[in-house]
Amino acid sequence: MGILCMIGTTEIIVVCILALLLFGGKKIPELMKGLGQGMRSFKSAMNEPLPEERQQYERSRHQQQNQEDLMQQNQPTRNESEQG
């Protein structure tokens, strides 16, 4: 951790100049674009549910829908309640 505390503005500028010399001015934007796309896909993958979680959600949603359908079937219709 001691090395990280000693990094200053001068060191960052030197690293940027070295990167510019190594990769060239045209290649750096392409590298940054690829890095940004990789980070974006990583974040979306982190927010996406696992297949097991998705299956469990679908099962619970299906059970809930079945319960709602049964409740609607068991409720008397308006005409039946008026006749009874």
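It should be emphasised that the depicted structure is a prediction, and the values quoted were computed from it without experimental measurement. The figures here come from the full heavy-atom set of this structure, side chains too, leaving out hydrogens, waters and symmetry mates. Throughout, residue positions are numbered sequentially from 1 according to the sequence presented.
For the atom pair CE (M39) and CZ (F42), the distance works out to 9.5 Å, reported to the nearest 0.5 Å. Rounding to the nearest 0.5 Å places CD of Q67 at 11.0 Å from NE2 of H62. The CD atom of Q63 lies 8.5 Å from the CZ atom of R59; values are rounded to the nearest 0.5 Å. To the nearest 0.5 Å, atom NZ of residue K43 and atom CD of residue E48 are 16.0 Å apart.
Counting only distance, with no hydrogens or angles, the side chain of E53 and the backbone of L50 share a donor-acceptor pair below 3.5 Å.
In terms of the side-chain contact (heavy atoms from CB on, under 4.5 Å) criterion, residue partners of E68 (sequence neighbours excluded) are, by chain and number, Q64, Q65.
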Contacts under 3.5 angstrom, residues 14-38 side chains, donor-acceptor by atom type, not counting sequence neighbours:
none

